[in-house]
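Single-structure report; data block below.
Computed from a predicted structure; not experimentally measured. We count ligands from 1, going down the list as the structure has it; atoms in each ligand are counted the same way.
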Amino acid sequence: MQEKEKTIILTGDRPTGRLHIGHYVGSLRRRVEIQNGGDFDEMYIMIADVQALTDNAEDPERIRRSILEVALDYLACGLDPNRVHLFVQSQVRELFELFTYYLNLVTLARLERNPTVKSEIRQRDFDLSIPAGFLTYPVSQCADITAFDATIVPVGEDQLPMIEQAQEIVRKFNSVYPGANLVLPKAMLPESGVCQRLPGTDGKAKMSKSLGNCIYLSDDEETVNKQVMTMFTDPNHLRVSDPGETENNPVFTYLQAFCEDAHVAKFWPEYASLAEIEAHYRRGGLGDVKVKRFLAAVLNDVLDPIRKRRQIWAEKPEEVLEILERGSIEASKKAKQTCDRVRNAMRIDYFSTNRLI
Ligand code: TRP
């Protein structure tokens with residue numbers, strides 16, 4: 001009898017700083033929902049420190065420092081270490097063994113075609129000095145995914161090329177090495193386009209620390225209020241009476257990602273829904289400052305419980321470290337099983353099977 005396919009979820013983040021509200025609507029919120037829904041067999045959440053090193057090799061302290069910050073952000077959002085394995089990539093050595101074997105099935109031309117890697121290379125001004133580790137990180141990411149037999153990978157849209165490349169490697173590997181039985185992963189994208197691409201507070205395409213256009217999950221109320229008040233809106237909405245655009249207006253994009261009916265009832269009961277607020281803004285007669293005050297209230301309402309949980313965990317860093325250590329041990333056990341299966345399929349388990357004789 002065929003066993004029902006398990007649902008195994010794996011995803012992760014590079015620890016290059018604290019996580020922001022773009023990470024939250026793009027993936028973290030969904031992970032917590034899945035966790036609380038309970039409709040899965042295993043869930044692994046990885047802090048991808050080795051991937052972060054591929055373009056930070058000379059600043060390892062930044063990565064080191066960010067590991068605990070990201071772990072705190074995870075716990076603050078409500079990820080529960082008793083239900084999901086929170087672990088650190090560098091502590092699971094089997095990942096790097098799989099990476100080595102997979103590299104042989106990928107061409108340089110294919111690596112150079114990955115659109116996300118291409119745009120990252122452009123952003124980073126690598127020119128001709130692209131680190132080999134950076135160019136090959138999608139292959140390493142395939143190891144991260146397949147080591148856990150992951151069926152579902154919740155990610156943002158920018159990660160689709162990675163999943164596609166992983167699928168190619170899985171197919172190729174399984175056909176070259178029958179018996180490896182690598183599991184074909186599927187991406188799971190955020191519910192809406194708005195959540196997939198939350199712009200920076202300045203309206204630029206992405207939140208980035210260096211641009212100073214982020215709102216972090218750990219920002220206090222005052223910082224959030226300040227950031228929201230500096231936000232970019234519709235540049236043609238000069239007078240309150242002017243009609244305004246709600247599309248490509250980051251204040252409304254954030255509201256679409258965060259605002260629920262309950263927020264309208266609680267903070268702006270003059271309106272029945274966000275749709276009504278939007279209609280008023282488009283018609284004219286609704287000022288930016290009022291909308292921004294409402295957005296700040298909504299964000300603070302969402303962030304408040306997150307900040308409180310973060311504070312509690314931040315006071316016991318030893319416990320957080322222990323959670324990561326325990327998670328990494330569990331993750332290693334699972335990855336070792338996959339690695340053993342792969343070595344067997346490749347017939348390089350020479351001593352356990354006497355296959356050299
Ligand atoms: N590339 C992901 C990011 O930049 C992080 C990551 C590493 C990841 N390994 C992964 C995501 C495996 C999903 C699955 O955020």
Measure the acute angle between the ring planes of Phe87 and Phe148, then classify it against the limits of 30° and 60° as parallel, tilted or perpendicular. tilted
With a cut-off of 4.0 Å, which atoms of ligand 1 are near a heavy atom of Leu10? 12 (C), 14 (C)
Please find the pair of heavy atoms, one from Val264 and one from Cys259, that lie closest to each other, and give the distance. CG2-SG, 3.8 Å
Going by the atom numbers of ligand 1, which of them fall below 4.0 Å from some non-hydrogen atom of Val153? 13 (C), 14 (C)
What I want to know is whether Gln159 and ligand 1 share at least one N or O pair that is separated by under 3.5 angstrom. yes
I need the nearest protein heavy-atom contact for atom 15 (O) of ligand 1: residue, atom name and distance, please. Gly12 O, 3.9 Å
Would you mind running through ligand 1 and noting each atom that sits below 4.0 Å from a heavy atom of Thr11? 13 (C)
Heavy-atom nearest neighbour of atom 6 (C) of ligand 1 within options Gln141, His23, Arg14, Glu120: Gln141
Is Arg347 positioned over the aromatic face of Tyr177, cation under 6.0 angstrom from the ring centre and no more than 45 degrees off axis? no
Looking at non-hydrogen atoms alone, which of Met162, Gln89, Gln51 comes nearest to atom 5 (C) of ligand 1? Gln51
Atom 9 (N) of ligand 1 [closest protein heavy-atom partner, distance rounded to 0.1 Å]: Asp144 OD2, 2.8 Å
Which of the ligand 1 atoms, numbered from 1, are nearer than 4.0 Å to a heavy atom of Met46: 7 (C), 9 (N), 10 (C)
Please give me the minimum heavy-atom distance between Thr7 and Thr151, naming the atom from each residue. CA-OG1, 3.5 Å
Mind checking whether Tyr281 and Phe252 have parallel, tilted or perpendicular rings, split at 30° and 60°? tilted
Any idea which atoms of ligand 1 are less than 4.0 Å away from a heavy-atom of Ala48? 7 (C)
For the residue pair Tyr271 and His280, does the interplanar ring angle fall in the parallel (under 30°), tilted (30 to 60°) or perpendicular (over 60°) class? tilted
Counting only heavy atoms not in Arg283, do more than 12 fall under 6.0 Å of its CZ? yes
